Each structure stands twice: as C-alpha cells, then as structure tokens.
Amino acid sequence: MRVLNRLILPAILLLGACGGPASAPAAVESAEIEVRDAFIVQPPEGRAVTGGGLHVSVTGAPKVLTGVTTPAADKVELHTMSMENGMMQMRQVESFQVSEATPLVLQRGGNHLMFFGVKPLQLGESVDLILTFTDESGTEEQVITQAEVIPTAG
Ligand SMILES: [Cu+2]
C-alpha cells in the first residue's frame, strides 16, 4: 500500500517552527526513516542525465531503498561506483540497504542516484524525490524529500 500522507509533514513542521526562516525544512522524518541533504546536480547545458545523492538513517528495523521517482526526471536509477582497471565504473543496482548501524550515503564519487530525462533545473531550486522503502515483512513505505539543485562543480 502506498503511503502518501507524509506529503503533509513539511506543512506541519512549518507551523510548529518558532520564527525561523519560512523555507522548506531540509529533513523529512517519518517514524523510523530520516532522509536529509538530498541534492541533484544541474546537468550541463544540453544534457538530460545527471547525478544526485542523499543521506538516509533509520531507527529500529533495517529498511531497503528500492526505488526513487521525481517529477523532475523521467527515470531515477540506483548506481554504485567502483574502480575497475583504473577506471571508475558505474553499475545499476536494484536496491540499497540501510540500517541503524549503517546509514545510507549516496554522493558524488560513490554510490549515487542517476537521473535520466531531466527537466530544466534552476540552481537553488528544490525538487521532490519520492523514495520507496521496504522492510523485512515486505511492507512498502514512501518518504518524500526535497532535493536542492546544485552546480556541477563544487
Ligand atoms: Cu551513475
């Protein structure tokens, strides 16, 4: 079953904020999964493929990240990065594990998100990422976070 009611979380957090800036919160929390620091690299002019990352931590039972979607791209893949014969190689994988002991870090130069068919993105803009997790019982849970569009270099 898809759980989309977490969409309302940011509004609740904003209402509860005490005089802070009226920007979207960087972290979206559910009971057991916290996603933060999501980003998508602005593709070079004329390109529609780019990378991105985020940080996921869980409390309690381990979770498996099985997929990501976004209105900002046609497709999002989960990629690993490894050195083979002196060359950096990317490979698509089905999922990434995340446990209390081992948070999931997707970043440039390591395991990452790969976006295909990327819509035009402005620097500093935020786009929604919808992450699908499963647990050991097969229960599916969706968490929505905001990814900041960042420059290619830096
Ligand atoms: Cu990749």
Side-chain angles (χ1 to χ4, degrees), residues 1-4 6-7 9-10 23-154:
M1 190 174 69
R2 308 235 144 166
V3 182
L4 282 171
R6 286 186 175 75
L7 268 173
L9 255 177
S23 62
V28 176
E29 284 184 61
S30 64
E32 298 173 323
I33 302 173
E34 182 186 331
V35 181
R36 59 177 170 83
D37 300 338
F39 67 90
I40 177 170
V41 178
Q42 187 184 45
E45 186 84 35
R47 296 284 308 277
V49 178
T50 190
L54 45 74
H55 185 286
V56 183
S57 53
V58 299
T59 51
K63 303 279 183 179
V64 181
L65 175 63
T66 56
V68 179
T69 61
T70 176
D74 293 335
K75 186 172 62 160
V76 187
E77 292 182 358
L78 310 177
H79 279 195
T80 60
M81 184 92 92
S82 60
M83 190 67 84
E84 289 170 27
N85 302 321
M87 303 256 298
M88 293 299 277
Q89 297 284 338
M90 296 194 299
R91 290 202 199 294
Q92 184 183 4
V93 292
E94 295 279 307
S95 61
F96 284 121
Q97 308 278 336
V98 51
S99 70
E100 239 178 45
T102 311
L104 174 63
V105 181
L106 302 182
Q107 60 191 343
R108 297 196 239 204
N111 296 342
H112 59 278
L113 300 174
M114 203 86 196
F115 298 84
F116 298 88
V118 181
K119 315 283 188 291
L121 299 174
Q122 302 302 312
L123 287 182
E125 167 184 23
S126 287
V127 301
D128 284 343
L129 300 185
I130 300 103
L131 286 67
T132 301
F133 293 91
T134 59
D135 63 15
E136 285 162 345
S137 71
T139 304
E140 214 171 69
E141 180 174 0
Q142 292 195 315
V143 177
I144 297 172
T145 194
Q146 296 243 295
E148 185 186 353
V149 179
I150 65 168
T152 303

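The analysis underlying the following values was restricted to heavy atoms, covering all of them including side chains, and did not include hydrogens, waters or symmetry mates. Quick caveat: nothing in here was measured; it's all calculated off a predicted structure. The first residue in the sequence is number 1, and the count goes up from there. First listed ligand is number 1; within each ligand, the first listed atom is number 1.
- Side-chain contact between Ile150 and Arg108: present, with at least one pair of heavy atoms (C-beta onward) separated by less than 4.5 Å.
- Note on Lys119 versus Glu125: no salt bridge recorded, every NZ/NE/NH1/NH2 to OD/OE distance being 4.0 Å or above.
- Side chain of Thr50 to backbone of Val41: a donor-acceptor contact under 3.5 angstrom is found.
- Across every non-hydrogen atom of Glu141 and Ile33, the tightest pair is OE1-CD1, 3.8 Å.
- Taking 2.8 Å as the limit, the number of protein N, O or S atoms around the Cu ion (ligand 1) is 4.
- Looking at heavy atoms from C-beta onward, Leu113 lies out of side-chain contact with Glu77 at the 4.5 angstrom threshold.
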request  = Dump the intermediate steps for side chain to side chain contact (heavy atoms under 4.5 Å, CB included) on Glu100 and Thr59, then the final yes or no.
outcome  = CA-CA 5 Å; Glu100 239 178 45; Thr59 51; 3.9 Å; yes

